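Note that the structure is predicted; figures quoted are calculated from it, not measured. The chains referred to below are lettered A, B, ... by the order of the sequence lines, with proteins before strands, and numbering in each begins at 1.
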Amino acid sequence: MIYADNAATTKMSEAAVNTMVSLIGDTYGNPSSLYAFGQKAKEALEKAREEVAEAIGANPREILFTSGGSEADNQALISAAKLGEKKGKKHIISTAFEHHAILHTLKKLEEEGFEVTLLPVHENGIVRPEEVEAAIKEDTALVTVMYANNEIGTIQPIREIGAICRKHGVLFHTDAVQAVGHIKVNVEEDNIDLLSASGHKFHGPKGTGFLYAKKGIKLTNLIEGGAQERGKRAGTENVPGIAAMATALKESVENLDAYAAKLTPIRDKIIAGLKEIPHSAINGDEESRVPSNINFCFEGIEGESLLLLLDDKGIAASSGSACTSGSLDPSHVLLAIGRVHDVAHGSLRLSLGEDITDEDADYIIKSVKDVVEYLRGFSPVWRDLVAGKGNFIL
Amino acid sequence: MIYADNAATTKMSEAAVNTMVSLIGDTYGNPSSLYAFGQKAKEALEKAREEVAEAIGANPREILFTSGGSEADNQALISAAKLGEKKGKKHIISTAFEHHAILHTLKKLEEEGFEVTLLPVHENGIVRPEEVEAAIKEDTALVTVMYANNEIGTIQPIREIGAICRKHGVLFHTDAVQAVGHIKVNVEEDNIDLLSASGHKFHGPKGTGFLYAKKGIKLTNLIEGGAQERGKRAGTENVPGIAAMATALKESVENLDAYAAKLTPIRDKIIAGLKEIPHSAINGDEESRVPSNINFCFEGIEGESLLLLLDDKGIAASSGSACTSGSLDPSHVLLAIGRVHDVAHGSLRLSLGEDITDEDADYIIKSVKDVVEYLRGFSPVWRDLVAGKGNFIL
Amino acid sequence: MALYSEKVMDHFRNPRNVGVLENANGIGEVGNAKCGDIMKMYLKIENDIIEDVKFETFGCGSAIASSSMATELIKGKPLEEAKKLTNKAVAEALDGLPDYKMHCSVLAQEAIEAAIDDYNSRK
Amino acid sequence: MALYSEKVMDHFRNPRNVGVLENANGIGEVGNAKCGDIMKMYLKIENDIIEDVKFETFGCGSAIASSSMATELIKGKPLEEAKKLTNKAVAEALDGLPDYKMHCSVLAQEAIEAAIDDYNSRK
Ligand SMILES: Cc1ncc(COP(=O)(O)O)c(C=O)c1O
Ligand SMILES: Cc1ncc(COP(=O)(O)O)c(C=O)c1O
C-alpha cells in the first residue's frame, strides 16, 4: 500500500513507539503520586513538556497537554472568548476554511452572543493579512487562523497576522495541527499567543495533543477535576502517550529540512503529472504549501468512487467529496476557494509520507490518470461536456 | 516494589499492551477514512465498542469513548444539566465525597444557576438511598453518586438509588471509575442512565475512558468538531488505545470472581494487622468495600512522611494528607466520613493489585507498624497524647 | 463493518450494463452534479419487455453499484415489473447500503421511472 | 524533578538532633495538628551559645527535614546568630523546597524564635 493520507493520520515512528512501550512497562505510575515510582512518571511528563516546548520555541510552562487537536482548539477558543467577554469584547475573526473543531466552536460561541467574522481565503487558499487588519474592531477578542490548511495544504502568513494582532492588542490563536512537525513553527518569531497541535499528525500517538498558551494568558478548563496541568486540564496524564508525542515531535522537527528536501520535488512531480489530466486543476497555492500536500479537482467525476478505485490499486488517499462525509455539501474548504459544487465533488487529496519513493509517484500519477479516465468513460456529466452541452468549468 | 496504589493507576495488562502495539503497527489508519485500511481501524473501533458495551451490559450504541474518567464525568453532568434546564429542572443531587471531576463540575453548574444538594455519606462512607429519595424535588434534573469511592473503597447502593431515580423520573449518573473492572457493574440491572469509566484504572491505557448513556439520552459535546462518536465527541479516535482499553476491560470482567477471591482475604488480613496498631482506625465500611482497598487513620502522625518512609521500604501507597496535594485541607473524603483534621492528616490508602502475595501482606503490615511507631517516636502530638495532655480521638 | 457490502463492491468494481445504449427508446436522467450524483438510464423496450438496458453514472461507489444492480434487476423483465422496482429492492439486492447512502438507491429507482416515462411519452 | 532534593531526603530519612532535650531551658512549639504540622524545639542555651538543640515534629517530609536542618544550623552558634536564622536560609541549606512547602521552613524559623522567646522569658 502507498499510504498517501498522512494529513488524516500518520504511522507512529519507531522511536515514538519505543518511548511509549518502555514507559508503559517501567514508568506506569501516576505522576501525582509522591513515591519515587510516581515521581519518575512526573519526570517523564516534564521532560516531554520541555521537548515539546523547545520544538516550537516556547517555555515548558506554556504547554498544556490535551487529548488531541480538537480539544486544544476548543479550549483555546473558549479561553480566549472568556477573556474577551470579561473586557466586553465579543468579536472573533477567523477564516472560512478552518477545521470544524474551530468552526463548530465558533458557532457555539455565536449562540452565546459572540459575533464571528469569517474572512475569505481567495482562490489561492491564503488569507490576506491586510484583510485581517481591516476586520479588527474595538471589541475584537481573538483572531484565529490556521497555520496550514488540512485539505489543500496552503500555508498562511501567520507571522504577519500575528504582528498585526500584537499591534492591535488582540489575542492570536493558530490551529497548527497540520503545520507542527511539517514546517518550521516558532511561537516567538511567529507572534503566536495560542497554538493547537495534535500528536498523531506528526508520527506521535493518537489521543495526544497540546495547547500552547503564552505566559499570562489564563486558560479556561474544558475538563474540570483534578489539579493536573496546573489545574487547567483534569484527568490522569497519559504519560506514555505524551512522552511518545514529544519523541515524535522532536524527531520531526530535527528532520524538517530533510523532509522538505525529500518531499517537495516528489510533490511537485505528482502535481505536474496530474496537471496533464485534461480539465483538472490544483487546489490551493502551489508555492505556499506544505511539502506533503497535493489536492486536485477533476471535472466530470465524483471523489468517492475515485478514492475507492485508487484503494483497489493500493493507494490510500482522501477526498473533499460530500459522499465521504455523509453530508450533502462537498468540502467547505473547496467551496471557500471558489470551487463550485459540481467540481468540488470530484476532488482528491494526496498527503505524502516520508517513505514515498519516486516510483510511487509515477505509480500514483498513472493510477489517477487511469481511474479518472475510466470514471469519465461512463459519466453522463463528462459525456455532456465533451458533447458541448454545457461548458467546462476547469 | 510492592505497588499498592492501584486506585491511582494500574499497570497495563500484557494482553492490552499487545492489542495496542499490534494496532499501532498494522491498523494505524484513520477510522473516518474510506479506503480499506481506514475501515480496518473502524472495525477495530467498533469491536472495542461491542466489548466495552458487553462488559457493562449495555448496547454498543450507548458507549461514547472519551479521553478518560474526568472527561466522561464532565460530559455526563453537563449533558444532564442541559437536558434538565430545557425542562426547567435545575436541581442536582450528589454526595459530599465524589471525585473532584464531579464536585468541580457541580461547582461550575452552581455558578450557572443550578442548585446542588450534597448528601452526607455517614461514618461508614455509604450514601443512604432513603436520603436520596428524600432529597428529590420537583425540579431535580439529576442524581449523581459514585459507584465506589476512590479513597476509602466503599461501594454505594447504586441499584437501589437507580430504582428510586427511575421511580421519580430523574436521570441517574454514576462515576464508576473505581468500580468497573473491579466489581460487577451492569447498567441494566443497576438502573443506571449514565456511567463514567476510565481505562487506566483496570489495566487499560492512560488517556482512555468511556461514557455510557442510555439510549435516548441526548449528550452535549464537550469537544466540538468532527463527526466522530456520532457527532458527540470530536477528535480522531485513539483506536489503539480504545481497543486496548476494551481488551483490558474484557479481561478484568471475566476475572472478577477470581479477583475478589484472591484479594478479599489479603485485604482483610492487612486490615486486621493494621488494626493492631494502637489508636488507629479503618476508614469506610469494612464489608461494602472493593476487594483492593484498605484505608486507615493513625493518630499522632502525618501521612506524607508515612508514605515516603514506606516508599523507602519499597511500598508504593497513597494518603489523604493535605501535604500530598499542596492544599491546606486533608482529603474531603475523610472529612466527609467525620474524621477531624487532626487525624485525617495521618491517613494511608493501600490499593492492592492482583499480583499481591501473602508475604507482601505480612511485609506491609510490619512496615506500616514500624514506620508509624518510628514517626510517633518524635511526634510532639503523640507525646502529648501519651502524656495525657489532650484526648485520643481514635 | 466494511464501508460497503461485498455485493456493492462487486457491482461498483464491475458495473454491469455500463455505457450508452445507442438504440434506446426510453432515456431518463436524474440527480444533478451539484449534489454529486447523476444517473442516466437507457432502456430498449420491446413488446413491453425491457430488452436491453444500460446506464451512465456520475457519483459515489454506492451510486454506481445501485445503477448497476438496478439494471440487472430489470433487464429482460416485463415493463410492468420494472415499473414496480423500489429503491428498497435495489438496496436489498446489494445486501444493504449505509443509511446515508440510501438516496443512491432512490436515484436508481427514479432514473428507471424517468426512462419509462420517456418511453411512454414517445409512444 | 524528584519531589524533594537529596538534602531534604537525607534530613528526612536521618533527622539530626531528633528527640527531647531533658535539660532544655528554652522550648518553643508552633503549628497545629489541624493544619498537619507541629514543630517543637528544645534549646539548651549557655553563655548565649546554643549548647544543644533537639526537635520533635509532626508533619510531612519537608517539615521534618526543615526542623532537622534548622537544628544543625544553630547548634553551637551564638544566640544572636540563631535569632537571625531565616526560613530562606533553612530552605537554601536544604537545596530548596517546593513552593508549596516553603511554609515548613517558616515553621522551623518560628519554632526557634518561640524557643528563644521562652528562654528569654524564663530569665
Ligand atoms: C472516582 C474517580 N472518578 C474520576 C476519576 C478521574 O479519572 P481520570 O484521571 O482517568 O480522568 C478518578 C481517578 O482519578 C476516580 O478515582
Ligand atoms: C487543521 C486541523 N485541526 C484540528 C484537527 C483535529 O485534530 P484531532 O483529530 O487530533 O483532534 C485536525 C485533524 O483532524 C486538523 O487537520
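Only the side chain of D:Ile64 has a heavy atom closer than 4.5 Å to any heavy atom of chain B. Of the atoms belonging to B:Asp311, not a single heavy atom falls under 4.5 Å from chain D.
Put simply, the side chain of D:Asn32 does not reach to within 4.5 Å of the side chain of B:Asp342, judged on heavy atoms. Between D:Phe12 and B:Leu309 there is a side-chain heavy-atom pair separated by less than 4.5 Å.
Closest heavy-atom contact between D:Gly61 and B:Leu308: CA-CD1, 4.2 Å. Heavy-atom minimum distance, B:Glu302 versus D:Phe58: N-CE1, 3.8 Å.
More than 12 heavy atoms of other residues, nucleotides or ligands lie within 6.0 Å of CD in B:Glu110, so this atom counts as buried by the packing criterion. Crowding of B:Glu373 atom CD: a count of heavy atoms from other residues, nucleotides or ligands under 6.0 Å not exceeding 12. Atom CG of D:Asn14 has more than 12 heavy atoms from other residues, nucleotides or ligands within 6.0 Å.
In this structure, the side chain of B:His345 engages the main chain of D:Lys34 through a donor-acceptor pair within 3.5 Å.
The CD1 atom of D:Ile38 sits 7.5 Å away from the CG atom of B:Asp384 when rounded to the nearest 0.5 Å. With rounding to the nearest 0.5 Å, the separation of CG in B:Asp329 from SG in D:Cys35 is 8.5 Å. Interatomic distance, D:Lys40 NZ to B:Ser379 OG, rounded to the nearest 0.5 Å: 10.0 Å.
Sorted by first and then second residue, the salt bridge (Lys or Arg N to Asp or Glu O under 4.0 Å) pairs involving residues 112-123 of chain D (not counting sequence neighbours) are D:Asp118-D:Arg122. Applying the ring pair (Phe, Tyr, Trp, His ring centres under 6.0 Å) definition to pairs two or more places apart or across chains, those involving residues 371-394 of chain B are B:His279-B:Trp382, B:His279-B:Phe392, B:Tyr374-B:Phe378, B:Trp382-B:Phe392.
Scanning residues 16-31 of chain D against chain B with a 4.5 Å heavy-atom cutoff picks out D:Val18, D:Val20, D:Glu29, ordered by number. Close approach to chain D, defined as a heavy atom under 4.5 Å from one of its heavy atoms, is seen in no residue of residues 1-9 of chain B.
Using a 4.0 Å cut-off between charged side-chain N and carboxylate O, B:Arg376 and D:Glu56 make no salt bridge.
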